[in-house]
Amino acid sequence: MSGDILLAYEGVGKRFPGVVALDAVSFSVRAGEVRALMGENGAGKSTLLKILAGEHRPDSGAITIGGEDRIFVSPRDSQAAGIAIIHQELHLAPDMSVAENLLLGAFPACAGFIRRGAMRARAAGILARLGEDIDPDARLGDLSIGKRQMVEIGKALLRDARIIAFDEPTSSLSARETETLKRIIGELRADGRAILYVSHRMEEVFALADSVTVLRDGRHVADYLDMTRLTQDQLIAAMAGRTIADIYDYRPRPLGDVHVEIDAIEGPGLSAPVTLSIRRGEILGMFGLVGAGRSELLKLIYGAERPTAGSIRLDGGRLDASSPRRAIAAGFALCPEDRKGEGIVPLAAVAENIAIARRNLADRRAPFIDRPAETREAGEMIGLMRVKTASPATAIATLSGGNQQKAIIARWLAADARILLMDEPTRGIDVGARSEIYAHIYRLAEAGRTILFASSDMPEVMGIADRIVVMRDGAISGVLARAEATAERLLRLALPDAAPR
Amino acid sequence: GPSRDGRVRIGFVVKQPEEQWFQSEWRFAGMAARDKGFELIRIGAADGDRVLTAIDNLAAKNASGFVICAPDPRLGTAIEQRARVNDLKVMSVDDRLIGPDGKPIDSIPHVGISALAIGRMAGETAIAEARRREWDIGRTGVLRIAYDSLETGRDRTMGARGAIIAAGLPPAHVFDAPQRTTDTEGGFTAADPVLTRHPDLRHWIVTGLNDEAVLGGVRAAEGLGLRADSVIGVGIGGSGTAEAEFAKRQPTGFFASILLSPRKHGYDTSVAMYEWIVRGSRPPSLVYTDGKLMTRDNYRRLLAEEAA
Amino acid sequence: MAQSSPPLLRRLGAAGPLLIFVVLFALLSVFVPDFFGVRNMRGLVLSVTLVGTIATTMMLVLALREVDLSVGSITALSGVVCAVVIASTGSVAGGVLAGLAAGGAVGLVNGLVIARLKVNSLIVTLAMMEIVRGLAFLASGGEAVSIPAERFYELGSGTLLGINYPIWIMIACFMLFGVLLNRTVFGRNILAIGGNPEAARLAGVPVDSVRITVFCLQGLIAGLAGIVLAARITSGQPNTSLGLELAVISACVLGGVSLAGGVATITGVVIGVFIMGAAQNALNLLDVPTFYQYVVRGGILLAAVIFDRLRQAGGLRLARRAASPSPSQSSEKGSATA
Amino acid sequence: MAQSSPPLLRRLGAAGPLLIFVVLFALLSVFVPDFFGVRNMRGLVLSVTLVGTIATTMMLVLALREVDLSVGSITALSGVVCAVVIASTGSVAGGVLAGLAAGGAVGLVNGLVIARLKVNSLIVTLAMMEIVRGLAFLASGGEAVSIPAERFYELGSGTLLGINYPIWIMIACFMLFGVLLNRTVFGRNILAIGGNPEAARLAGVPVDSVRITVFCLQGLIAGLAGIVLAARITSGQPNTSLGLELAVISACVLGGVSLAGGVATITGVVIGVFIMGAAQNALNLLDVPTFYQYVVRGGILLAAVIFDRLRQAGGLRLARRAASPSPSQSSEKGSATA
Ligand SMILES: Nc1ncnc2c1ncn2[C@@H]1O[C@H](COP(=O)(O)OP(=O)(O)OP(=O)(O)O)[C@@H](O)[C@H]1O
Ligand SMILES: Nc1ncnc2c1ncn2[C@@H]1O[C@H](COP(=O)(O)OP(=O)(O)OP(=O)(O)O)[C@@H](O)[C@H]1O
Ligand SMILES: [Mg+2]
Ligand SMILES: [Mg+2]
């Protein structure tokens with residue numbers, strides 16, 4: 001079923017200060033093949049793709065494209081060779097239209113003048129193919145993260161490339177978009193393209209890929225060319241170097257009193273008042289499709305957006321949720337969805353990024369920084385969360401995406417938050433680390449912390465939540481106890497076209 | 001022609017409206033307006049573009065003519081043209097306008113000082129005082145705080161330099177200190193390293209294009225431990241800066257200033273323009289005004305005369 | 001909130017500078033004697049030609065998330081060079097070409113240093129502002145250079161269909177760069193780079209060459225403006241147009257161009273230029289004392305941007321609150337370049 | 001490449017401005033007569049006090065990813081206010097307090113408009129630069145206000161341990177704001193806000209109050225510098241310190257402060273201030289003609305930033321090639337929100 005070798009890495013090596021990102025990696029991909037790249041956070045997957053994209057130059061080794069040795073010096077160069085990459089982070093211009101973002105770098109033009117009709121037509125075509133109901137003239141910045149991710153995918157598809165690489169495309173997509181993506185990848189495969197696919201989601205990899213390459217700490221560990229003879233456990237063992245029995249490993253706990261009560265809260269992004277009550281020690285899952293309003297609800301609770309009506313009560317007392325600072329003082333914490341835009345301070349050290357919330361707790365009045373204590377604490381947190389970093393003083397921007405995410409969670413552990421609002425906290429995190437994070441979440445819950453956990457990953461929500469709130473179009477469409485939550489019920493509540501209960 | 005209400009309107013355009021000198025000119029022009037019953041329109045115009053805009057504004061207000069101190073004398077042709085297009089009479093003050101051939105434009109009457117002559121006067125004052133103090137010429141330095149991008153600035157300081165050299169001081173003892181700005185701080189910053197460089201010279205004469213620059217030089221000298229009796233600063237303008245120095249109880253290194261008369265420049269010019277407009281009597285094409293030597297001893301009297 | 005409200009409000013939002021302008025113009029016409037009249041209007045338009053012409057390319061520079069502080073000095077240099085060449089060779093065409101070449105060359109240096117060496121444009125053009133001013137003084141020997149060619153003055157004072165050439169040139173720039181920004185690949189690439197340089201680069205936009213070209217254009221247009229100014233004032237003046245860069249940038253910002261890059265419209269810039277021009281014109285007509293002029297001028301700028309901001313924030317609150325992850329527009333994007 | 005090379009190179013990288021300064025200083029000492037001597041050194045240090053003092057708070061403003069163009073005007077205003085109050089009440093303490101209050105008040109207005117109304121700081125402080133300059137003229141009636149209190153001059157010309165008070169004040173600011181930036185929660189918050197304002201807000205940093213405080217501090221310190229300047233020149237001058245803001249910003253940038261926010265060190269700023277001062281001092285000592293001074297001054301600034309950039313890029317190439325996704329530091333940020 002597969003054709004000739006289209007893409008081959010030959011002994012590719014790449015090092016960054018203090019880190020060997022890639023160490024002599026060799027493998028090849030054929031036309032019509034979907035090759036999954038797997039490995040823990042920081043294993044070097046994105047670096048491998050960035051070398052293909054012409055963003056990094058390898059220190060050693062080479063890439064061959066269709067049998068020809070190539071080293072790309074710029075993204076233009078790589079694109080000209082028929083390569084399209086969907087990057088792990090979004091790269092879009094917020095003030096331009098969707099159509100312009102889709103066709104950026106390849107505007108249909110005549111003598112330098114843009115052919116607007118052609119541009120809209122092509123954009124509309126690709127959006128239709130993606131099954132997205134997005135106006136090509138909409139301002140990109142007005143779309144939710146999930147829709148932006150779809151635009152990012154559309155951009156690559158429009159290039160009509162021979163080799164297409166996806167770097168965690170589904171980390172901010174929900175079930176429906178993921179299905180669309182699977183369909184499209186199927187079409188591309190049938191069309192004889194070579195596809196590289198990076199993901200931490202096992203189900204996806206088993207459903208989509210023809211073969212898997214596993215990396216660990218920059219080293220090439222194994223290739224599995226026949227997926228039918230591979231099990232999840234084998235794959236996890238290859239990635240992590242150890243076995244993980246059940247990544248969710250749900251631990252039932254007795255729940256405490258009512259901790260947080262959300263009373264008819266209204267605000268931007270919500271279409272109807274939201275009322276919820278959450279008990280101490282509870283892990284409340286929040287499920288929904290892209291744009292369902294989970295992120296907006298969390299931000300309203302956190303005071304990052306002003307509610308237009310309604311109130312929040314904490315242990316029965318009314319909470320002034322008018323700013324994140326007030327919310328933090330009351331014990332809240334938010335791990336935001338948009339890690340790069342809202343989570344990290346990129347050029348600051350990992351240790352600084354961890355210490356920032358604790359320092360600013362309203363009840364800590366010390367003007368001076370206690371460096372030794374902070375350094376010690378950061379070291380502990382880095383150990384606890386297994387953040388892979390050259391040192392606590394490394395700029396966080398140089399960490400792999402998943403490790404950045406872990407550092408943000410560490411920030412709130414250090415600040416000893418009592419109510420954690422986690423918006424897609426495992427987005428882009430590898431299986432091993434995920435099971436660690438789940439274990440932390442259980443530990444926190446057992447210690448009486450309350451957790452709101454928004455996720456688009458259905459098995460994850462079903463795996464760890466005590467109770468699941470499903471949102472649809474800016475309103476709660478249902479609340480399911482753990483026992484009643486089946487995939488079918490969740491989807492029925494989440495899908496806009498399904499009949500209400 | 002005259003405006004709707006029949007009142008004559010006259011513009012007075014100056015290049016640096018923030019400067020005390022031009023503020024005074026405007027004030028005296030305003031007195032003339034009150035005395036003669038015309039309306040005065042004051043506009044500041046710091047460069048050529050704004051001068052042309054100012055002339056257009058005057059035309060829009062139905063002015064009949066204007067007096068101008070232009071930011072550059074070579075704007076002469078443009079000003080003359082623009083005035084003609086808008087049918088405005090024009091007179092220059094302070095700085096004389098010149099044409100493309102580099103010669104003064106005779107058709108534009110002028111009232112002003114001779115920058116070289118005023119500078120020479122400052123230089124002569126300084127050298128005379130040095131003689132009176134019996135300074136050793138061999139150990140006397142001259143600081144020319146220079147702002148050469150301004151023509152009258154260069155003329156004034158070169159005039160002073162010329163007079164001092166003519167009096168026998170070796171040209172090698174004249175040092176330029178280029179200033180970035182024409183205020184006291186600019187003079188200070190420019191003077192400091194030059195004075196520092198010549199610890200061997202015991203006595204200093206400080207010249208500059210205005211009182212502020214010279215004061216900056218004097219302050220720098222004081223900062224380096226040179227006392228009032230080893231510094232002779234002669235400023236130009238007779239401004240509030242000079243007045244304040246003279247008012248100090250102890251004499252400072254700021255010895256004298258050449259008082260220029262904003263009264264003649266402001267009052268007399270606008271009256272002349274008024275007469276030209278209503279009576280058609282063209283002012284003489286050139287009037288030089290002179291400077292008066294102002295020191296601690298006579299400044300009160302001179303200022304009182306000026307304000308009268 | 002009806003579904004239809006956002007576009008309506010958005011349209012109102014886009015009309016912000018226009019609204020300010022219309023209100024200002026109406027107020028001035030009523031309260032300032034002599035303001036509303038053919039004679040003054042022509043003077044007003046003529047008075048904004050320098051700022052207006054240069055604002056067209058400054059718009060591109062700002063849209064690129066860069067800034068150019070050297071335009072005032074370039075204007076002076078090209079005027080002086082033009083004057084010197086005409087004075088020494090007698091050739092008007094030669095002078096104009098030399099002036100344009102000088103402006104273009106400065107722009108090219110700016111562009112090369114900024115694009116290739118990745119140095120912050122604020123600092124590069126600040127340094128160039130000094131250097132080029134110095135060159136203008138050196139080229140002129142420190143004093144204004146008269147231009148002994150009456151023919152050349154025609155460029156500054158001549159008219160076509162009753163409208164002065166400098167105004168035609170400004171109009172041409174408005175049209176040219178408006179079309180460039182909206183209708184061409186080059187223009188959209190500028191906005192994309194300003195909006196997200198990394199995204200543009202990864203999408204294969206030739207980022208460096210766009211940057212270099214934009215700074216070259218800025219140099220050329222500032223040079224052109226300098227030549228026209230020299231023709232109007234019949235001489236090349238090395239110390240002219242001090243502070244022009246700030247006036248030009250203010251006009252652009254009043255016209256809704258974002259200093260964070262990625263947002264610009266030519267109509268906005270036109271309006272911004274005229275808001276500034278009308279305000280200054282009124283100050284002169286009203287005979288406002290110099291010292292108050294400073295306060296009023298600064299106050300108008302401040303009031304206009306605050307008003308614009310409040311209007312936007314109102315629109316935001318109603319229609320697209322939290323369209324971006326951050327509520328503060330100023331921090332919406334990483335500000336200028338490092 | 002040995003494993004040990006990166007840290008070494010990194011350290012060299014951090015020492016960039018220092019390297020430039022040492023080389024420059026050595027060259028000047030050798031080639032400029034009279035440069036290296038106690039007398040000139042003292043003059044040099046004295047000449048940088050104005051820029052140096054204000055650069056300490058400008059460092060904070062830039063680290064916050066903002067900019068303040070109003071410092072020159074604040075310096076003038078506070079000097080004038082101080083002079084007027086002393087002249088009318090005879091109270092030196094009253095004058096100093098009034099001057100500080102004037103500076104602080106301007107800073108507060110800047111901070112409130114920028115932080116609360118989210119208007120771009122470049123434009124706000126540009127407008128305030130005009131307004132405050134106008135106020136300085138109005139307060140002084142347009143002319144220098146002499147200060148009839150010899151005691152007050154002491155502040156400008158007096159010495160302690162042989163070092164002039166203005167120098168002590170500058171040193172105190174260096175220490176104070178160095179400690180503030182590095183050792184206090186407030187200082188680290190400034191850097192975090194400059195690095196990513198939205199992330200800082202969500203992590204509980206009181207973004208608005210930090211912004212307001214920083215602009216207030218900037219106003220106070222510029223006011224202090226204005227008072228010291230008034231004491232040195234024995235009068236309050238409304239038109240002093242034109243263009244000071246650009247000199248201060250240049251010094252900070254030469255010292256490695258990033259205009260993209262989030263990166264600043266006090267040692268860098270000290271070095272940047274002295275690079276500028278030494279260069280200007282040498283130009284004066286060498287008797288370089290004014291017109292060339294413009295070129296040389298601009299050239300030094302340009303050369304220093306280019307050199308610094310190349311060194312960084314070289315370090316990058318050797319040690320952390322393409323540390324960021326893009327080879328251009330300029331786009332490292334800003335792509336933040338897509
Ligand atoms: N620009 C850089 N500078 C320094 N180190 C870097 C840089 N980019 C990547 N690294 C390091 O290289 C290693 C590989 O990173 P990479 O982003 O390829 O990981 P990844 O497999 O994509 O991880 P994730 O699943 O978290 O996205 C990490 O240790 C990372 O910290
Ligand atoms: N600034 C905005 N202006 C208008 N609508 C917005 C804005 N931000 C979000 N929305 C809309 O509000 C709804 C909720 O978006 P939100 O991001 O909260 O959803 P979500 O459930 O978290 O989904 P995602 O997985 O995309 O994060 C969506 O319909 C989205 O398009
Ligand atoms: Mg990755
Ligand atoms: Mg979300």
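Since this is a predicted model, take the numbers as computed values, not measurements. Quick note: numbers below take in every heavy atom, side chains included, and nothing from hydrogens, waters or symmetry partners. Residue numbering restarts at 1 for every chain, and letters A, B, ... go by the order of the sequence lines.
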Open item on the list: Measuring from atom CD of C:Glu198 to atom NE2 of A:His87, what distance do you get when rounded to the nearest 0.5 angstrom?
Closed with: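 It comes to 8.0 Å.
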Task: Distance in Å, A:Leu104 CG paired with C:Arg201 CZ, rounded so as to fall on 0.5 Å steps - done: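 It is 13.0 Å, given to the nearest 0.5 Å.
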May I ask you to decide if [Y]'s main-chain N or O and [X]'s side chain share a donor-acceptor pair within less than 3.5 Å?
X        : Y        : answer
C:Asn196 : A:Leu92  : yes
A:Arg159 : C:Ala203 : yes
A:Gln79  : C:Leu202 : yes

Which atom names give the shortest non-hydrogen contact between [X] and [Y], and what distance separates them?
X        : Y        : result
C:Arg188 : A:Ile114 : CG-CD1, 3.0 Å
C:Val205 : A:Arg76  : C-NH1, 3.9 Å
A:Pro94  : C:Gly195 : CD-O, 3.8 Å

- [ ] For a side-chain contact (heavy atoms from CB on, under 4.5 Å) with A:Phe113, tell me which candidate from C:Val179, C:Val185, C:Asn182 qualifies.
- [x]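 Between A:Phe113 and the candidates, side-chain contact (heavy atoms from CB on, under 4.5 Å) is satisfied uniquely by C:Val179.
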TODO: Mark yes when over 12 heavy atoms from residues, nucleotides or ligands other than C:Arg116 sit less than 6.0 Å from its CZ; otherwise mark no.
DONE: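 Open.
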TODO: Heavy atoms only, distances under 4.5 angstrom: which of A:Gly105, A:Gly112, A:Ser271 has the most pairs with chain C? Name it, please.
DONE: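 Going by pairs under 4.5 Å, I would pick A:Gly112.
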Task: Residue among C:Ala192, C:Gly187, C:Ala200 with most heavy-atom pairs under 4.5 Å to chain A - done: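 The answer is C:Ala192.
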